[in-house]
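The next block holds one structure in the form of structure tokens; read it before the comments.
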Amino acid sequence: QVQLVESGGGLVQAGGSLRLSCAASGRTFSRYNVGWFRQAPGKEREFVAAISWSGGNTGYADSVKGRFTISRDNAKNTVYLQMDSLKPEDTAAYYCAAPPFSDSILYYNPVHYSYWGQGTQVTVSS
């Protein structure tokens, strides 16, 4: 199975940057697509970005395109989310996730993911 742990969250001013990390256990993790999601208080969990197992294909929510970059280093079993030009509306708990099986599809709906980390809080002040 896959176990995921997020890190890198914190408090940052608008316009600043953060890089989130998703560290995974399990030797087969490199063959799984991975998604980043976020959830603000009182709001539904929403898709942020996803990356294929090879890193060759990525997808982003319209709200973060041009500002966030997802990448992975399979040798380190880690997926990253580089967040630049942060806005107050980016404030949320951020989660990385993996589906229960490996395939070629980048899923944007959280219902397709079964492995989740505990989340890391990102707070962006004005």
Side-chain angles (χ1 to χ4, degrees):
Q1 66 176 29
V2 177
Q3 294 180 324
L4 308 173
V5 179
E6 304 94 336
S7 63
L11 175 64
V12 64
Q13 292 185 330
S17 298
L18 286 172
R19 188 176 77 161
L20 306 184
S21 297
C22 174
S25 63
R27 189 167 296 183
T28 60
F29 176 72
S30 63
R31 291 294 179 176
Y32 284 80
N33 300 335
V34 174
W36 280 98
F37 297 83
R38 65 187 182 187
Q39 187 168 24
K43 301 294 181 63
E44 191 171 343
R45 187 166 298 187
E46 66 175 353
F47 168 77
V48 176
I51 189 168
S52 64
W53 66 268
S54 68
N57 293 314
T58 58
Y60 298 91
D62 288 340
S63 60
V64 306
K65 285 182 179 178
R67 299 189 299 118
F68 291 10
T69 303
I70 188 171
S71 62
R72 69 190 300 165
D73 186 341
N74 288 337
K76 298 181 179 179
N77 285 339
T78 302
V79 174
Y80 304 98
L81 184 67
Q82 178 67 43
M83 305 185 296
D84 298 321
S85 301
L86 283 163
K87 304 175 181 179
E89 52 262 44
D90 295 319
T91 295
Y94 283 71
Y95 303 86
C96 63
F101 51 83
S102 179
D103 60 31
S104 62
I105 301 173
L106 293 181
Y107 296 108
Y108 297 165
N109 193 315
V111 304
H112 295 127
Y113 294 79
S114 60
Y115 300 107
W116 294 85
Q118 289 297 112
T120 185
Q121 179 66 38
V122 172
T123 302
V124 184
S125 63
S126 299

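It should be emphasised that the depicted structure is a prediction, and the values quoted were computed from it without experimental measurement. In what follows, residues are counted from 1 in the order of the sequence shown. Every heavy atom of this structure was used, including side-chain atoms; hydrogens, water molecules and symmetry mates were not.
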Under a single-linkage rule joining Ile, Leu, Val, Met, Phe, Trp and Tyr whose side-chain heavy atoms are separated by less than 4.5 Å, which residues share a cluster with Tyr95? Phe37, Phe47, Phe101, Ile105, Leu106, Tyr107, Tyr108, Tyr113, Trp116

Asn77 side, atom CG; Cys22 side, atom SG - distance, nearest 0.5 Å: 10.0 Å

Using the rule that Ile, Leu, Val, Met, Phe, Trp and Tyr join whenever any side-chain heavy atoms are under 4.5 Å apart, tell me whether Trp36 and Tyr115 fall into a single cluster. yes

Please determine whether side chain to side chain contact (heavy atoms under 4.5 Å, CB included) holds for the pair Phe68 and Leu86, giving the CA-CA distance in whole Å, both sets of side-chain angles, and the decisive distance to 0.1 Å. CA-CA 9 Å; Phe68 291 10; Leu86 283 163; 3.8 Å; yes

Provide the full list of salt bridge (Lys or Arg N to Asp or Glu O under 4.0 Å) pairs with a residue in residues 41-54, sequence neighbours left out, each pair given once. Arg38-Glu46

On a heavy-atom basis, which atom in Ala14 and which in Ser126 lie closest, and how many Å separate them? CB-CA, 4.4 Å

Cluster question for you: counting only ILVMFWY and a side-chain heavy-atom cut-off of under 4.5 Å, with indirect links fine, are Tyr94 and Leu18 together? yes

Looking at Glu89, I want to see if its CD is surrounded by more than 12 non-hydrogen atoms of other residues, nucleotides or ligands under 6.0 Å. yes

If you round to the nearest 0.5 Å, how far is OG of Ser17 from CZ of Arg67? 10.0 Å

Looking at Lys76 and Thr78, what are the two nearest heavy atoms and their distance? O-OG1, 2.9 Å

Show your working on side chain to side chain contact (heavy atoms under 4.5 Å, CB included) between Leu11 and Gln121 and close with a plain yes or no. CA-CA 8 Å; Leu11 175 64; Gln121 179 66 38; over 6 Å; no

If you draw a 6.0 Å radius around CD in Gln3, do more than 12 non-hydrogen atoms from other residues or ligands fall strictly inside? no

Check Asp90 with Lys87, please: is the shortest side-chain N to carboxylate O separation under 4.0 Å? no

ILVMFWY cluster, Trp53 and Ile70 together (side-chain gap under 4.5 Å): no

Hphob cluster co-occupancy, Val48 + Tyr80, side-chain heavy atoms under 4.5 angstrom: no

Determine the minimum heavy-atom distance between Leu81 and Ala49, stating which atoms define it. CD1-CB, 4.2 Å

Do Leu4 and Cys96 have side chains that approach each other closer than 4.5 Å (heavy atoms only, starting at C-beta)? yes

Treating Ile, Leu, Val, Met, Phe, Trp and Tyr as nodes and any side-chain heavy-atom pair under 4.5 angstrom as an edge, say whether Ile51 and Val2 lie in one connected cluster. yes

Can you name the residues that form a side chain to side chain donor-acceptor pair (under 3.5 Å) with Arg19, not counting sequence neighbours? none

Any chance you could lay out the side chain to side chain contact (heavy atoms under 4.5 Å, CB included) test for Glu6 and Leu20, step after step, and finish with the verdict? CA-CA 7 Å; Glu6 304 94 336; Leu20 306 184; over 6 Å; no

